[in-house]
Every structure is written in structure tokens, then in C-alpha cells.
Amino acid sequence: GSLASIKAKLRAEVHKCLREGEVLPPPPPVSNETLLVNELIREYLIFHGLTESLSVFLPETGHPQTRPFDRSFLVQHLNLVEGTNSKQLPLLYNLVSTCQAIPQTAAALSQEAAQK
């Protein structure tokens, strides 16, 4: 609850203070895959209200403050299928669900092939 929120804000402020005045090298160039993964993580953090974590995550990774693309782009680019329920959740949940279904789909296809 509120204690966890206070602790998160405190950690973010301490992190910010430690970084003040520190000359950091620019983050390495971000690959397309890293950009996608970071955007999935951003969506997850926002969904769960982890704004303090997000405030540390973005500068540490060099991910842009403004969203580089919207959810529909991610869905299309990652070849995901969204249902009514999955639209309410971060796309990371959709990816996990899809990965969990792969062995079941493979087993069903294997059984089907064996029956022919």
C-alpha cells in the first residue's frame, strides 16, 4: 500500500540524488529488439502503477521518455492476437500466454500427424 509507495519514491529520489552531477556516458545505441522489450516493460510498469520504477528505468536504459510507438504497433510487430480480456492487460501477459500454449499446440499437431 502506501508504505510500499513511499519506499519506492524514496529509492527513486536516492537514485536521482546519487546520479546528480555525475557525468554518465551516453547509453549504448538501442537495437530494435531492445526498444521493443523496453516498451513492453514500460507498459507493464505503467499498468501496475510502478511510476517510481519507471522513472529509474527510462534514464538507465536510454529509452525515450515519449512512447516511440503505440500498442497496436507492438501487437502487429510481435504477431500477437488480442482478445477481449488480453486488451485489458500489458502485452507481456499475452506473450507469456502465447509461449505457454506452444507446447500444447505442438503436441496437438504431433497427435494429428500421427493419426494420418
Asks: In chain order, what residues pass the side-chain hydrogen bond (donor to acceptor under 3.5 Å, both in side chains) check against His77, with sequence neighbours excluded?
Replies: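 So His77 forms no side-chain hydrogen bond (donor to acceptor under 3.5 Å, both in side chains) with any residue.
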Asks: Going by the rule side-chain hydrogen bond (donor to acceptor under 3.5 Å, both in side chains), which residues pair with Ser53 if we only count those two or more places apart in sequence or in a different chain?
Replies: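 side-chain hydrogen bond (donor to acceptor under 3.5 Å, both in side chains) check on Ser53 returns nothing, list empty.
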Asks: I want to check something: taking the side chain as every heavy atom from C-beta on, are Leu35 and Pro64 in contact at a cut-off of under 4.5 Å?
Replies: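 Contact flag for Leu35/Pro64 side chains = yes.
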Asks: Count I, L, V, M, F, W, Y as connected when their side-chain heavy atoms are under 4.5 Å apart, and connections chain through other members. Are Val96 and Leu78 then in the same cluster?
Replies: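 No, Val96 and Leu78 fall in different hydrophobic clusters.
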Asks: Distance check, rounded to the nearest 0.5 Å: Phe69 atom CZ versus Leu36 atom CG?
Replies: 4.5 Å
Asks: Do any N or O atoms from the side chain of Asn94 and from the backbone of Leu80 form a donor-acceptor pair under 3.5 angstrom?
Replies: no
Asks: Going by salt bridge (charged side-chain N to carboxylate O under 4.0 Å, His left out), name the residues that satisfy it together with Arg67, two or more places apart in sequence or in a different chain.
Replies: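 Scan of Arg67 (salt bridge (charged side-chain N to carboxylate O under 4.0 Å, His left out), adjacent residues dropped) gives Glu39.
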Asks: Who are the side-chain hydrogen bond (donor to acceptor under 3.5 Å, both in side chains) partners of Ser97, not counting sequence neighbours?
Replies: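 Not a single residue meets the side-chain hydrogen bond (donor to acceptor under 3.5 Å, both in side chains) criterion with Ser97.
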Asks: Do you know which two heavy atoms are closest between Pro59 and Gln65, and how far apart they sit?
Replies: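 Answer, listing the atom of Pro59 first, then Gln65: CD-NE2, 4.3 Å.
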Asks: Please enumerate all residues that pass side-chain contact (heavy atoms from CB on, under 4.5 Å) together with Thr34, with sequence neighbours excluded.
Replies: Val30, Ser31, Asn38
Asks: Give every residue pair that meets the salt bridge (Lys or Arg N to Asp or Glu O under 4.0 Å) criterion with at least one member in residues 72-81, sequence neighbours excluded.
Replies: none
Asks: List for me each residue that meets salt bridge (charged side-chain N to carboxylate O under 4.0 Å, His left out) alongside Glu52, sequence neighbours excluded, and say none if there are none.
Replies: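 So Glu52 forms no salt bridge (charged side-chain N to carboxylate O under 4.0 Å, His left out) with any residue.
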Asks: Taking only residues two or more places apart in sequence or in another chain, which ones pass side-chain contact (heavy atoms from CB on, under 4.5 Å) with Thr84?
Replies: none
Asks: Ignoring hydrogens, what is the shortest heavy-atom contact between Arg42 and Pro68? Give both atom names and the distance.
Replies: NH2-CD, 4.1 Å
Asks: Can you name the residues that form a side-chain contact (heavy atoms from CB on, under 4.5 Å) with Leu92, not counting sequence neighbours?
Replies: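 Leu40, Tyr44, Leu95.
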Asks: Among residues two or more places apart or on two chains, list those pairs meeting salt bridge (Lys or Arg N to Asp or Glu O under 4.0 Å) that have a residue in residues 90-102.
Replies: none
Asks: Is there a path of hydrophobic side-chain contacts, each under 4.5 Å between heavy atoms of I/L/V/M/F/W/Y residues, joining Leu54 to Phe47?
Replies: yes
Asks: Under the side-chain hydrogen bond (donor to acceptor under 3.5 Å, both in side chains) rule, collect the residues that match up with Asp70, sequence neighbours excluded.
Replies: Ser72
Asks: Hey, quick one: are Val56 and Ile41 part of the same hydrophobic cluster, counting side-chain heavy atoms closer than 4.5 Å, chains of contacts allowed?
Replies: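 They do not share one cluster, since no chain of ILVMFWY contacts under 4.5 Å joins Val56 to Ile41.
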Asks: Using the salt bridge (Lys or Arg N to Asp or Glu O under 4.0 Å) rule, collect all pairs that involve residues 75-96, keeping only residues at least two apart or in two chains.
Replies: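 As it turns out, the salt bridge (Lys or Arg N to Asp or Glu O under 4.0 Å) pairs with a partner in residues 75-96, which skip direct neighbours, are Arg71-Glu82.
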